Amino acid sequence: MKSPYTGKEMTLRREPRKLKFRKDEFDVLYHTYFCQDSKENFEDDKLSELNIKQVHNQYREKHKLPFSEEIKEIREKYGLSARKMSEILGFGVNSYSNYENGDIPEIANGRIILMAANPKNFRELALKAGLLDEKLDRRIKHLIERRENEFDIWEMFFAKSPSSKNGYKTVSQTKVLMAIRYFSEILSPWKTKMNKLLFYADFLNYRNHCESITGLEYKAIPLGPVPENYDHLYGIASSNGFVEINEEPCHDFLGECFKANKIELKYGDVFTDDELNTLKTVSSHFAKTTAREIKELSHKEKAWLENYKTKSLIDYSYGFEIVGI
């Protein structure tokens, strides 16, 4: 951003501050542009959104309130309009739609929405509201039956509530598998490099938008940051036909190389424009970087340096301090 006084580019600054939302106060890394000549700080719309979104994320996490994507997914699995969801849950006519678009529910409404995520609970709510028609009842019973009969390995290893450890996102199986497929198609990386590509994509997206792409958690291990349970993750990607993972010669050992299958997929149907831009930026930046080089680069990240000794999960707040991209 250029200074309104001199027209020169200003310096991006981040400093710890406390901001209030409703009755709570939270620590944030406050973003401003600093004009060296006037000694003044400025914010544009993007920085203002980053600052307030840090507060909103922490508020939702503290009070266990659903995030916008969760709220939308809950409604969509029942095949209902936002207006009908509001009616069943006893909200104002436009409330559910507003929550999907970013408004933060009051605590009581947020907990009702989370209750509604369970098909059995939602059936009772619809019944009490006198709005359980035959079509909705069939859909709910199908969801209940599927939930009781299916063993979901994804649910076991990856389903976590949004928090600072997953970039305030409910993990999206579709986005995770499509991100793996995207990097496989563009770069055909070795497994070590794939781990780092996913890390940089999620943490870069957090730096720019205060949320991850995939909702994955990352652990610091001797080889650098890696997705939690990554072997299970890649097994699911392979078994579902998103990628082929083959052992191939790599220097003096056999390594696992990722190749995309030949099915044409539309990434724009899965990722937002911002997420797709992040994936493109990461793939372009690391296109000629070897697995060894990207591993060594990740060892310079504060996210790894401050967590690898304990093999801890990495907080996404480190996204503001990544240096590799």
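The shown structure was predicted, so the numbers you read here are calculated from the model rather than taken from an experiment.
- Rounding to the nearest 0.5 angstrom, the gap separating the CG atom in Asn208 from the OG1 atom in Thr281 is 8.0 Å.
- Taking all atoms of both residues into account, the shortest heavy-atom contact from Asp315 to Phe203 is O-CE2, 3.6 Å.
- The line from NE2 of His209 to CG of Asn277 is 7.5 Å long, rounded to the nearest 0.5 Å.
- Using a 4.5 Å heavy-atom cutoff, the side chains of Arg22 and Ile104 are in contact.
- The closest donor-acceptor contact from the side chain of Lys39 to the backbone of Gln36 lies under 3.5 Å.
- The main-chain N or O of Thr289 is found under 3.5 Å from a side-chain atom of Lys193 such that the two form a donor-acceptor pair.
- Arg139 places a side-chain N or O within 3.5 Å of a backbone atom of Lys77 that can act as its donor or acceptor partner.
- Between Phe320 and Tyr206, the ring planes are tilted. Angles from 30° to 60° get that label.
- In summary, Glu70 and Arg60 do not engage in a salt bridge, as defined by a charged side-chain N under 4.0 Å from a carboxylate O.
- Aromatic ring orientation, Phe271 versus Tyr267: parallel (interplanar angle below 30°, classes split at 30° and 60°).
- Between Tyr316 and Tyr218, the angle of the ring planes goes over 60°, which puts this pair in the perpendicular group of the 30/60° scheme.
- Checking side-chain atoms of Ser212 against main-chain N and O of Asn166 turns up a donor-acceptor pair under 3.5 Å.
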